[in-house]
Amino acid sequence: TTTTTTTTRRRALVALVALANARRANAGPATRPFVVDAVKNERWVAVDATFEVPATWANRPGQRARVDKYVLYTDTYGPNYRYTTTVPKLLGDGEAKIDQLALVVVSREGLESVGDLGTIEKIDPARAFGVEGFEGLAASEVAKASVREDAGKQTYYQWELFDGQHRFLMSACVSGGGLYCWVAQIDGARFDADAETYRAVLDSVNIPLVEESRNDMSSRIYETR
């Protein structure tokens, strides 16, 4: 009787484990990639930026990213623009998970890495990358700074900033002659309640490391590469 009872319990345990594994398999991936399209035909090599968010996060149907450009100066090749791609807020469970999200890119010829800007301690992230339109960012203070290298040997400077109400996450890197800055604004209390998830999103930012084009500047801008 004891042997029969033990065998029955083992079978039940095996069945429960199998059921749990099946549920996990049917649940789908925990995260999904989000893509910010590259700015093409500019002074830098065009690459998409990607990051991972929880699979339940999404924009409202029909919403699209907006691309704005600002003239920094004009030279013999024409205007030199700073581009800002603003992504609609990401929602999940009926509430905003990320209130504001943008990717800023400018031309920075000759830079091979974000480290060429100097050590991370010497950079004021709220002002260094031309990020505009984020209320409270300019007055925020750095709560955490770190350096990350991904599998493709790309180096990122990363920051968490706080203005007393909002948490700002920033990631900056260099690729193909462009200086990139990814920035997200999250409600402070919401961030504190799920900090691990938000930090995972920051750590997932991926902008492939590519060499700067060897074409002359006019070819970079006015010819399709």
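Throughout, numbering of the chain's residues begins at 1 and tracks the sequence. FYI, side chains are in, hydrogens and waters are out, and symmetry mates aren't considered; it's all heavy atoms of this structure.
- With sequence neighbours left out, the side chain to side chain donor-acceptor pair (under 3.5 Å) criterion links Asp93 to no other residue.
- Residues passing the side chain to side chain contact (heavy atoms under 4.5 Å, CB included) test with Asn59 are Phe34, Gln63, Val87, Pro88, Leu90, sequence neighbours excluded.
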Show me, pair by pair, the donor-acceptor contacts under 3.5 angstrom made by side chains of residues 163-173, not counting sequence neighbours?
residue, atom, partner, partner atom, Å
Asp163, OD1, Gln165, N, 2.8
Asp163, OD1, His166, N, 2.5
Asp163, OD2, His166, ND1, 3.3

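- Screening residues 180-200 for ring-ring contact (aromatic ring centres under 6.0 Å, His included) gives Phe51-Trp182, Trp57-Tyr198, Phe191-Tyr198 as the qualifying pairs, with residues at least two apart or on separate chains.
- Every residue two or more places apart in sequence or in another chain that forms a salt bridge (charged side-chain N to carboxylate O under 4.0 Å, His left out) with Arg127 is listed here: Asp124.
- For the side chain to side chain contact (heavy atoms under 4.5 Å, CB included) test, residues two or more places apart in sequence or in another chain that qualify with Asp37 are Val35, Asp48.
- Under the side chain to side chain donor-acceptor pair (under 3.5 Å) criterion, Gln100 pairs with no residue at all, not counting sequence neighbours.
- In this structure, Arg148 has no salt bridge (charged side-chain N to carboxylate O under 4.0 Å, His left out) partners at least two apart in sequence or on a different chain.
- The side chain to side chain donor-acceptor pair (under 3.5 Å) search around Gln154 returns none, not counting sequence neighbours.
- Among residues at least two apart or in separate chains, there is no ring-ring contact (aromatic ring centres under 6.0 Å, His included) pair with a member in residues 95-118.
- Partners of Glu149 according to the side chain to side chain donor-acceptor pair (under 3.5 Å) rule, which considers only residues two or more places apart in sequence or in another chain, do not exist here.
- Identified under the ring-ring contact (aromatic ring centres under 6.0 Å, His included) test for residues 107-149, with sequence neighbours left out: Phe129-Trp159.
- For the pair Glu212/Glu109, a side-chain contact is recorded, criterion being any heavy-atom separation below 4.5 Å from C-beta on.
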